[in-house]
Protein chains: 2
Amino acid sequence: MTAQRRVVAEVLDGEHVHLTADEVHAQAVTKLPEISRATVYNTLGELVSLGEVLEVATDKRAKRYDPNAHRPHHHLVCAQCGAIRDVHPTGNPLADLPDTERFGFTVSDVEVTYRGVCPNCASA
Amino acid sequence: MTAQRRVVAEVLDGEHVHLTADEVHAQAVTKLPEISRATVYNTLGELVSLGEVLEVATDKRAKRYDPNAHRPHHHLVCAQCGAIRDVHPTGNPLADLPDTERFGFTVSDVEVTYRGVCPNCASA
DNA sequence: TCCTGCATTGGATTTAATCCAAATCAATCA
DNA sequence: TGATTGATTTGGATTAAATCCAATGCAGGA
């Protein structure tokens, strides 16, 4: 456990946190000025392999990192400003995929992204 | 309608087609040797604005383009080889998001990505 | 304290996508 | 048919995200 990793872990803390690698780096720099981008990428990669952090690809730009890996959830994204909230739908989408639609795959996971307009953008 | 656009449209034809821009360009070149990447990107962008083609971001690498825009569907992705199939789950995931989980958003769309292992990779 | 091996650094590289000005082409009209 | 015009295409440069790599630094154990 190095200072750099601690800082990255600190930045990635809280609910509804979905930062890009660059944003993580920007915040990390304020706490540890010499930290390099490569280290941030390395650490994020390790956290993902350890299952502590999830990669989410809600927009088509940079990957985002979601520290809320231990409680399963999905995402609600504002189509205008890109704001992201964690959501917990009822029901089990896995059960909604009939065998005839599985093409012989062993299906193990499902990812749901809701899109809409957030209250902020709606009122603007 | 130019020769270039016709070629891009021809490449993007069929079921379960989910090519990256580069793959579209590579196939387009075999039919029209001097077509440029910029034109492929331009044309894909126009097709997306017209609603004829969907962008899908199933992996975190390049965007993929899905010509099957007129019948709504979701995707089943092989975690190992990246193969993608179009699937049609039963049920309506939109209905599974309670008001208390909408954070004031106007939710209009939902995108579901199933992940698993395809028969090919499973037998290898 | 001294080693040893992993972590970090930063700069170069790769990949995807976009931008831009110049050249080209398709469609219309006389 | 030939000229005009405005949209399209081109390719090279540029941006952005991510990765790679060799050299350096550092944490933790003996």
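Residue numbers begin at 1 in each chain, while the letters A, B, ... track the order of the sequences. In this text the structure is predicted, and so the values were computed from the model without any measurement.
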Problem set entry | Interatomic distance, Leu47(A) CG vs dA7(C) P [rounded to whole Å] | 12 Å
Seminar exercise, completed: Among dA18(D), dT18(C), dA7(C), the one nearest any side-chain atom of Ala21(A) is dA18(D)
Problem set entry | 4.5 Å side-chain heavy-atom contact, Asp66(A) and His75(A) | yes
For this session: Please determine if a side-chain N or O atom of Lys63(A) lies less than 4.0 Å away from the OP1 or OP2 oxygen of dT19(D).
Result: yes
Exercise. What does Ala38(A) touch in the nucleic acid at a heavy-atom separation under 4.0 angstrom: a base, only the sugar-phosphate, or nothing?
Worked result: base
Exercise. What integer distance in Å separates Arg5(A):CZ from dG25(D):P?
Worked result: 19 Å
For this session: Name the nucleic acid region contacted by Arg61(A), choosing base, sugar-phosphate or nothing; use a 4.0 angstrom heavy-atom cut-off, strictly under.
Result: nothing
Problem set entry | Nucleotide dA18(D), atom P - distance to CD of Glu23(A) in whole Å | 11 Å
For this session: Between Asp22(A) and Asn42(A), just flag the one whose closest nucleotide in DNA chain D comes earlier from the 5' side.
Result: Asp22(A)
Exercise. So what does Thr39(B) hit on the nucleic acid, given a heavy-atom distance under 4.0 Å: a base, only sugar-phosphate, or nothing?
Worked result: base
Exercise. Side chain of Glu34(A): nearest nucleotide among dT9(C), dT9(D), dT19(D)?
Worked result: dT9(C)
For this session: Calculate the interatomic distance between Leu44(B) atom CG and dT8(D) atom P; express it in whole Å.
Result: 15 Å
Exercise. Between dT19(D), dA17(C), dT10(D), which one does the side chain of Ile35(B) approach most closely?
Worked result: dT10(D)
For this session: Measure from the side chain of Tyr41(B), starting at C-beta and using heavy atoms only, and say which of dA17(C), dT8(C), dT9(D) lies closest.
Result: dA17(C)
Problem set entry | Atom pair distance, as rounded to whole Å: NE2 in His25(B) and P in dT18(C) | 15 Å
Problem set entry | Other residues, nucleotides, ligands: >12 heavy atoms within 6.0 Å of Glu34(A) CD | yes
Exercise. Rounded to the Å, how far apart are Arg6(B) CZ and dC25(C) P?
Worked result: 15 Å
Seminar exercise, completed: Between Glu46(A) and Arg37(B), the residue closer to the 5' end of DNA chain C by nearest nucleotide is Glu46(A)
Problem set entry | dT9(C) OP1/OP2 closer than 4.0 Å to side-chain N/O of Gln4(A) | yes
Exercise. For the residue pair Ile35(A) and His25(A), what are the closest heavy atoms and their distance?
Worked result: O-NE2, 3.1 Å
Problem set entry | Other residues, nucleotides, ligands: >12 heavy atoms within 6.0 Å of Asn120(A) CG | no
Seminar exercise, completed: Heavy-atom nearest pair, Thr30(B) first then Gln27(B), reads OG1-O, 2.7 Å
Exercise. Side chain of Thr2(B): nearest nucleotide among dT19(D), dT9(C), dT9(D)?
Worked result: dT9(D)
